[in-house]
Amino acid sequence: MSGAPVSISVRGVRKTFGKKAFTALHGVSLEFEAARMHGIIGPEGSGKTTLLRVLLGLLTPAEGTVAYFQGGAPVDFETLRPQIAYMPQTQSLYADLSIDEHLEFFRDLYGIPPADYAARRAELLEVTRLAEFSGRPAGKLSGGMYKKLGLMCALLRSPRVLILDEPTTGVDPISRRELWDLLYRLLDQKILILTTTAYLDEAERCSKVHLIERGVVVASGEPRRLLEAEGARSFDELFLRRASAQDA
């Protein structure tokens, strides 16, 4: 079944922190269908990163469940774990290591056979347009190139699920466009992509969006249909309208 499309079902997940039981997620229920790009959209502090960490098994919910399916059949998270790649908002790359040295490090970490690695390395360097910079240290890369390197490291073992926490934050507009172009290419491989962002214009780039505020999912659906249902021209307008309603 390895290589089959993966989907994730979230049911009534609540997550609290600290002695005062601050609630970061309030009974979140979501369906992440296979082979689609899902955008988790919301302002800072809305619970986006907490939700991703629950999906990755890094945090245990106080209530609720997360179920994983591959090829339509239930699968245990530990079985699926090697097929999940995660790119955190703050990446831990080594400034003194070059792009090639990073790829070699993750090759050894993942135990990728030499022939598979050679083909994967060539493919990733081509799609990211970083081949001519493969000898450059990470500490001397631009913001956009640095993000691409992190994405390459995450993609090296050909995951079926790619989870990205605000991958375009802090990069220039051209690099943002190139990163999105790269994500679209990955969809052709039937990868489930989950990405968080605070950039509302990026919501319309996703197959499906999930709007989250203060740990509560306030809307989900295909971008255009969701905007039509809400009578809004853009997600900026939709969030501003909701903010005005809360302040009233």
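- For the side-chain hydrogen bond (donor to acceptor under 3.5 Å, both in side chains) with Glu31, the qualifying choice from Lys208, Arg11, His38 is Arg11, the only one to do so.
- Between the side chain of Thr23 and the main chain of His26, no donor-acceptor pair closer than 3.5 Å is present.
- Residue Glu78 places its CD atom among more than 12 non-hydrogen atoms of other residues, nucleotides or ligands, all under 6.0 Å distant.
- Here the side chains of His102 and Cys153 are in contact, with some heavy-atom distance below 4.5 Å.
- You'll find the side chain of Pro113 reaches within 4.5 Å of the side chain of Asp116, heavy atoms only.
- Proximity of a side-chain donor or acceptor of His210 to a complementary backbone N or O of Ile41 within less than 3.5 Å is not detected.
- Expressed to the nearest 0.5 Å, how far CZ of Arg81 lies from CG of Asp76 amounts to 9.5 Å.
- Here the side chain of Arg160 pairs a donor or acceptor atom with the backbone of Lys190 at under 3.5 angstrom.
- Two different hydrophobic clusters hold Ile163 and Leu179 under the rule that ILVMFWY side chains link at heavy-atom gaps under 4.5 Å.
- Under the 4.5 Å side-chain heavy-atom criterion for grouping Ile, Leu, Val, Met, Phe, Trp and Tyr, Val54 is connected to Leu30 within one hydrophobic cluster.
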_Arg177 and Asp181: CA distance, side-chain angles, deciding distance, side-chain contact (heavy atoms from CB on, under 4.5 Å) verdict_ = CA-CA 6 Å; Arg177 185 177 67 245; Asp181 288 344; 4.1 Å; yes
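- By the rule that hydrophobic residues join a cluster once side-chain heavy atoms approach within less than 4.5 Å of another member, Leu194 and Trp180 end up as members of separate clusters.
- The closest side-chain donor-acceptor pair between Glu166 and Thr197, if any, does not fall under 3.5 angstrom.
- Hydrophobic clustering places Phe32 together with Leu59 (ILVMFWY residues linked when any side-chain heavy atoms are closer than 4.5 Å, directly or through intermediates).
- The shortest side-chain heavy-atom distance between Val209 and Ser220 does not fall under the 4.5 Å cut-off.
- With rounding to the nearest 0.5 angstrom, the CD atom of Glu204 is 5.5 Å from the CG atom of Leu227.
- Here the side chains of Arg120 and Ile112 are not in contact, with every heavy-atom distance at 4.5 Å or above.
- Remark: Phe106 CZ to Tyr117 OH distance equals 11.5 Å, nearest 0.5 Å.
- The closest side-chain heavy-atom distance from Gln83 to Arg157 is not below 4.5 Å.
- Nearest approach of Thr16 to Ala62, heavy atoms of both residues: OG1-CB, 4.2 Å.
- A chain of hydrophobic side-chain contacts below 4.5 Å, direct or via other Ile, Leu, Val, Met, Phe, Trp or Tyr residues, connects Val6 to Phe77.
- Here the side chain of Arg176 pairs no donor or acceptor atom with the backbone of Gly144 at under 3.5 angstrom.
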*What's the verdict on side-chain contact (heavy atoms from CB on, under 4.5 Å) for Phe235 and Asp201, showing C-alpha distance, side-chain angles and the deciding distance?*
CA-CA 7 Å; Phe235 283 95; Asp201 63 299; over 6 Å; no
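- Listed here is the closest heavy atom pair of Leu93 and Gly150: CD1-N, 4.1 Å.
- Checking Thr128, Leu156, Leu162 one by one against Leu151, the side-chain contact (heavy atoms from CB on, under 4.5 Å) holds for a single residue, Leu162.
- A pairwise comparison of heavy atoms in Leu56 and Ile84 identifies CD2-CG2, 3.7 Å as the closest pair.
- Atoms CD1 and OG, from Ile191 and Ser158 in turn, are 7.5 Å apart once rounded to the nearest 0.5 Å.
- Side-chain contact check for Ser46 versus Ile212: some heavy-atom pair is nearer than 4.5 Å.
- A distance of 8.5 Å separates CG in Asp165 from OG1 in Thr90, rounded to the nearest 0.5 Å.
- The existence of a salt bridge linking Arg225 and Glu228 is excluded, since no basic side-chain nitrogen approaches an acidic carboxylate oxygen closer than 4.0 Å.
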*Starting from the C-alpha separation in whole Å, work towards a yes-or-no answer on side-chain contact (heavy atoms from CB on, under 4.5 Å) for Val218 and Phe239.*
CA-CA 10 Å; Val218 297; Phe239 269 94; 5.6 Å; no
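- The two atoms that bring Ala34 and Pro5 nearest to each other are CB-CB, 3.7 Å, heavy atoms only.
- Within the 3.5 Å criterion, the main-chain N or O of Arg205 finds a donor-acceptor partner in the side chain of Tyr184.
- With Lys48 contributing its side chain and Pro43 its backbone, the two residues share a donor-acceptor pair below 3.5 Å.
- Look at Asp96 and Lys140 and you find no salt bridge, because none of the NZ, NE, NH1 or NH2 atoms lies under 4.0 Å from a carboxylate O.
- Between Val161 and Pro159 the shortest side-chain heavy-atom distance does not fall below 4.5 Å.
- Under a cut-off of 6.0 angstrom, the local environment of CZ in Arg53 is sparse, with at most 12 non-hydrogen atoms contributed by other residues, nucleotides or ligands.
- A cation-pi arrangement is absent between Lys148 and Tyr146, since the terminal nitrogen or guanidinium carbon is not both under 6.0 Å from the aromatic centre and inside a 45° cone about the axis.
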*asked:* Before you tell me yes or no, could you show the steps for Val10 and Ser29 under side-chain contact (heavy atoms from CB on, under 4.5 Å), namely the whole-Å CA-CA distance, both residues' side-chain angles and the distance that decides it to 0.1 Å?
replied: CA-CA 5 Å; Val10 180; Ser29 294; 5.8 Å; no
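- Of all non-hydrogen atoms in Ser207 and Pro223, the two that sit nearest each other are O-CD, 3.5 Å.
- Of all heavy-atom pairs between Lys147 and Thr169, the closest is CE-O, 3.4 Å.
- When only modelled atom types and interatomic distance are considered, Thr168 and Glu202 share a side-chain donor-acceptor pair under 3.5 Å.
- With respect to the salt-bridge test (charged N to carboxylate O, under 4.0 angstrom), the residues Glu104 and Arg107 do not qualify.
- If you take CG on Leu58 and OG1 on Thr60, they are separated by 9.5 Å, rounding to the nearest 0.5 Å.
- Listed for the Tyr68 side chain is a donor-acceptor partner under 3.5 Å among the backbone atoms of Leu55.
- Within 6.0 Å of CZ on Phe17 lie more than 12 heavy atoms contributed by other residues, nucleotides or ligands.
- The closest side-chain heavy-atom distance from Ile8 to Val66 is below 4.5 Å.
- A side-chain contact (heavy atoms from CB on, under 4.5 Å) with Thr196 is found for exactly one of Leu51, Leu52, Leu164, namely Leu52.
- Side chain of Arg214 to main chain of Ala24: no donor-acceptor pair is present (N/O by atom type, distance under 3.5 Å, no hydrogens or angles).
- Arg241 contributes a side-chain N or O that, together with a main-chain N or O of Glu230, makes up a donor-acceptor pair within less than 3.5 Å.
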